[in-house]
Every structure is written in C-alpha cells, then in structure tokens.
Amino acid sequence: VWKYPYSCFHMEYVISLKPFSCGLVWNNDNSFGGGALGQDGLTDLGKYVVNRLEKEGIIVDTAHMNEQTFWDFCRITTKPIYNSHSNIFDLCKNSRNLKDEQIKAIINSNGIVCLSFVSYFIREKGIISCSDVAKQIKFFIKKYGDKNVAIGSDFFGTTDLPIDLKSYVDFENLKLALCRVGLNIRQIKNIFYGNLTRYVNRVGKKR
C-alpha cells in the first residue's frame with residue numbers, strides 16, 4: 001500500500017466524503033485495475049481499496065470495469081454487486097456493456113444493473129429513441145426478470161442520448177414507450193425508482 005501514497009491519500013479523502021458508491025476505474029487501466037478499454041485485472045492495490053471501501057460501507061461501482069477486473073472483483077466482494085450505468089452486450093457489442101454471465105453474477109449476488117441511455121451502448125449505428133431504450137429494458141426483463149434492473153441514465157456523463165430522452169423532463173416519453181412494449185405500471189415504477197430504492201435501503205442497512 002505504501003508504494004502508492006497519493007492513491008491512498010485520495011482514497012481516504014473519498015471515504016471522508018461518505019459517498020454511497022465509488023468506481024475504481026474509468027475507461028483506461030490505472031493503479032487499481034482495468035478499465036473498459038484496458039487490459040489489466042484488479043491489482044493488489046485495487047483489492048486493498050475494495051476491502052477498505054466496503055469496510056467503510058461504500059459500494060464499489062462495477063461500471064467501466066473490463067471483464068477481468070469485474071471477475072477479480074466478484075471473487076473478493078462481500079456486497080450485492082452494483083453497476084450504475086451499462087448496457088447489454090448481447091444487443092450491442094461494446095466493451096462498456098455487460099455480457100450474459102456478468103449480468104447473471106450481479107443478479108445472483110442480489111445486486112442491480114442500471115441501464116444507461118448512451119446511444120452507442122444501445123445500438124452501434126443510427127438514431128436512437130425512447131423506443132430503443134424501452135426494447136432494451138423489455139429484453140432484460142424477459143431474460144433476467146424485473147427485480148434487479150433500474151435506470152442509470154448517464155445524463156451528466158454524455159451528450160450521445162436518444163433524440164427524445166435528453167433529460168429527466170423527458171421521462172414521460174420513456175414511460176409511454178415502456179407501456180407500448182407491454183410493461184405494466186408496477187414494473188415501470190420499479191424500474192424508475194422502486195428497485196434501486198430497495199437496493200439502496202437493503203445495502204444501506206449494512207453500512
């Protein structure tokens with residue numbers, strides 16, 4: 001740990017802020033592990049940071065982890081796995097998206113997958129609308145159920161968004177699109193806020 005004094009200093013600062021969750025990586029590799037575009041797995045320092053954060057009741061966000069780092073993390077985490085904004089690799093072959101076995105691992109941990117609105121995570125080319133977002137959510141529910149899925153918009157992290165879903169004021173458009181693909185009001189409420197609220201309350205009791 002003392003090989004990385006600046007990293008540890010920053011970690012302690014993050015802990016002092018008492019966030020609910022914290023990510024280890026972005027798109028590239030760093031001293032903690034491998035990002036979505038990187039090659040590394042979880043490092044020894046990364047394992048230390050995971051244990052330290054979880055001891056402090058801070059959930060580690062698996063969004064942006066590459067596959068190796070994700071599986072390394074799964075082997076040591078003691079918490080229900082959280083992914084704040086990713087999409088489904090089966091529908092769009094992007095390195096930021098979750099493969100089938102990753103989604104199953106999150107669900108088996110009683111965790112949650114928050115699906116983002118990032119256009120090029122949903123479809124490789126073309127204009128994206130609420131209809132595409134709704135179809136993706138419907139695909140998730142049909143394959144994995146409706147208990148472990150929520151919205152992870154990424155409104156403040158990208159401008160590559162559906163043409164009719166640019167901010168929270170457009171959620172009515174998404175609600176109507178979800179109705180059109182056959183979701184009921186209970187499912188829509190759970191996806192919008194119910195599932196994530198229950199996850200936060202459940203994990204928060206262990207903080």
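Hydrogens, waters and symmetry mates play no part in the numbers below; they use all other heavy atoms, side chains included. Residues: numbered from 1 along the sequence shown.
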Checklist entry - Are I103 and V118 linked, directly or through other ILVMFWY residues, by side chains that come within less than 4.5 angstrom of each other? => result no
Checklist entry - Below 4.5 Å, heavy atoms only, C-beta onward: do V14 and P19 meet side chain to side chain? => result yes
Checklist entry - Mind checking whether I137 and V181 have side chains closer than 4.5 Å, heavy atoms only? => result no
Checklist entry - Tracing side-chain links under 4.5 Å among I, L, V, M, F, W and Y, which residues wind up in one group with V169? => result none
Item to check | Reported CH2-to-CD1 distance for the pair W71 and I76, which is rounded to 0.5 angstrom | outcome: 14.5 Å
Checklist entry - Should the heavy atoms of other residues, nucleotides or ligands under 6.0 Å from CD1 of I127 be counted, would the total exceed 12? => result no
Next on the checklist: My understanding is that only one of N190, I185, N184 makes a side chain to side chain contact (heavy atoms under 4.5 Å, CB included) with Q187; could you say which?
Outcome noted: N184
Item to check | side chain to side chain contact (heavy atoms under 4.5 Å, CB included) between K143 and D90, intermediate numbers included | outcome: CA-CA 11 Å; K143 189 166 186 179; D90 283 353; 3.0 Å; yes
Checklist entry - Hey, does the side chain of S21 reach the backbone of V60 with a donor-acceptor pair shorter than 3.5 angstrom? => result no
Checklist entry - Tell me, do F192 and L174 make a side-chain contact under 4.5 Å, heavy atoms counted? => result yes
Checklist entry - On the ring face of F89, is K93 found with NZ or CZ under 6.0 Å from the centre and within 45° of the axis? => result yes
Checklist outcome for this item: Minimal heavy-atom distance between S119 and P162, with the atoms involved, is OG-N, 3.7 Å
Next on the checklist: Looking at N148 and G111, would you say the former's side chain and the latter's main chain have a donor-acceptor pair under 3.5 Å?
Outcome noted: yes
Item to check | Interatomic distance, I15 atom CD1 to Y13 atom OH [nearest 0.5 angstrom] | outcome: 13.0 Å
Item to check | Residues T62 and N83: side-chain donor-acceptor under 3.5 angstrom | outcome: yes
Item to check | same_hphob_cluster(I188, Y193) at 4.5 Å side-chain heavy-atom cutoff | outcome: yes
Checklist outcome for this item: Residue pairs passing the side-chain hydrogen bond (donor to acceptor under 3.5 Å, both in side chains) test with at least one member in residues 103-117, sequence neighbours excluded, are N87-S116, D100-K104
Item to check | Backbone of F121 reached by a side-chain donor or acceptor of N97 within 3.5 Å | outcome: yes
Next on the checklist: Can you tell me how far apart CZ (F20) and OH (Y199) are? Round to the nearest 0.5 Å.
Outcome noted: 5.0 Å
Checklist entry - Taking 4.0 angstrom as the limit, do E12 and R52 come out as a salt bridge? => result yes
Checklist entry - If two hydrophobic side chains count as joined below 4.5 Å and joins carry through other members, does I151 share a cluster with F156? => result yes
Checklist entry - Does N30 use its side chain to pair, donor to acceptor, with the backbone of G33 at less than 3.5 Å? => result yes
Next on the checklist: Test of understanding: with salt bridge (charged side-chain N to carboxylate O under 4.0 Å, His left out), list the residues that count as partners of R198, not counting sequence neighbours.
Outcome noted: none
Checklist entry - Are L196 and Y82 side-chain neighbours, meaning at least one heavy-atom pair lies under 4.5 Å? => result yes
Next on the checklist: What verdict does the side chain to side chain contact (heavy atoms under 4.5 Å, CB included) test give for C92 and E124, after you've listed the backbone C-alpha separation in whole Å, the side-chain angles of each residue and the deciding distance to 0.1 Å?
Outcome noted: CA-CA 6 Å; C92 181; E124 294 176 20; 3.7 Å; yes
Checklist entry - Between L37 and F70, is there a shared hydrophobic cluster once you connect ILVMFWY residues whose side-chain heavy atoms come closer than 4.5 Å? => result no
Next on the checklist: For the backbone of A63 and the side chain of S86, can you confirm whether one donor and one acceptor N or O come within less than 3.5 Å of each other?
Outcome noted: no
Checklist outcome for this item: dist E54:CD -> I58:CD1 (nearest 0.5 Å) comes out at 10.5 Å
Checklist entry - Does K189 NZ have over 12 foreign heavy atoms under 6.0 Å away? => result no
Next on the checklist: Taking C130's backbone N and O only, do any of them form a donor-acceptor pair with D164's side chain (distance below 3.5 Å, no angle check)?
Outcome noted: yes
Checklist entry - Closest heavy-atom contact between R202 and P80? => result NH2-CB, 4.5 Å
Checklist entry - Aromatic rings F171 and F117: how do their planes relate, parallel, tilted or perpendicular, breaks at 30° and 60°? => result perpendicular
Checklist entry - With distance as the sole test, does N66 use its side chain to make a donor-acceptor pair with the main-chain N or O of D40 at under 3.5 Å? => result yes
Checklist entry - Is any side-chain heavy atom of F140 less than 4.5 Å from a side-chain heavy atom of L115? => result yes
Next on the checklist: Donor-acceptor pair, distance only, cut-off 3.5 Å: does the side chain of R96 make one with the backbone of H85?
Outcome noted: yes
Checklist entry - Hey, quick one: are L161 and Y120 part of the same hydrophobic cluster, counting side-chain heavy atoms closer than 4.5 Å, chains of contacts allowed? => result no
Checklist entry - Is it true that D132 and K135 make a salt bridge, defined as a side-chain N closer than 4.0 Å to a carboxylate O? => result no
Checklist entry - Is there a donor-acceptor pair under 3.5 Å between the side chain of K138 and the backbone N or O of L183? => result no
Checklist outcome for this item: CG of D160 to CD1 of I128, rounded to nearest 0.5 Å, is 10.5 Å
Next on the checklist: With a 4.5 Å cut-off on side-chain heavy atoms, are I191 and D146 touching?
Outcome noted: no
Checklist outcome for this item: One should read off an interatomic distance between E67 CD and L98 CG, to the nearest 0.5 angstrom, of 9.5 Å
Next on the checklist: For F73, is there any backbone N or O sitting under 3.5 Å from a side-chain donor or acceptor partner on T77?
Outcome noted: no
Checklist entry - Taking the six-membered ring for Trp, are Y168 and F155 parallel (under 30°), tilted (30 to 60°) or perpendicular (over 60°)? => result perpendicular
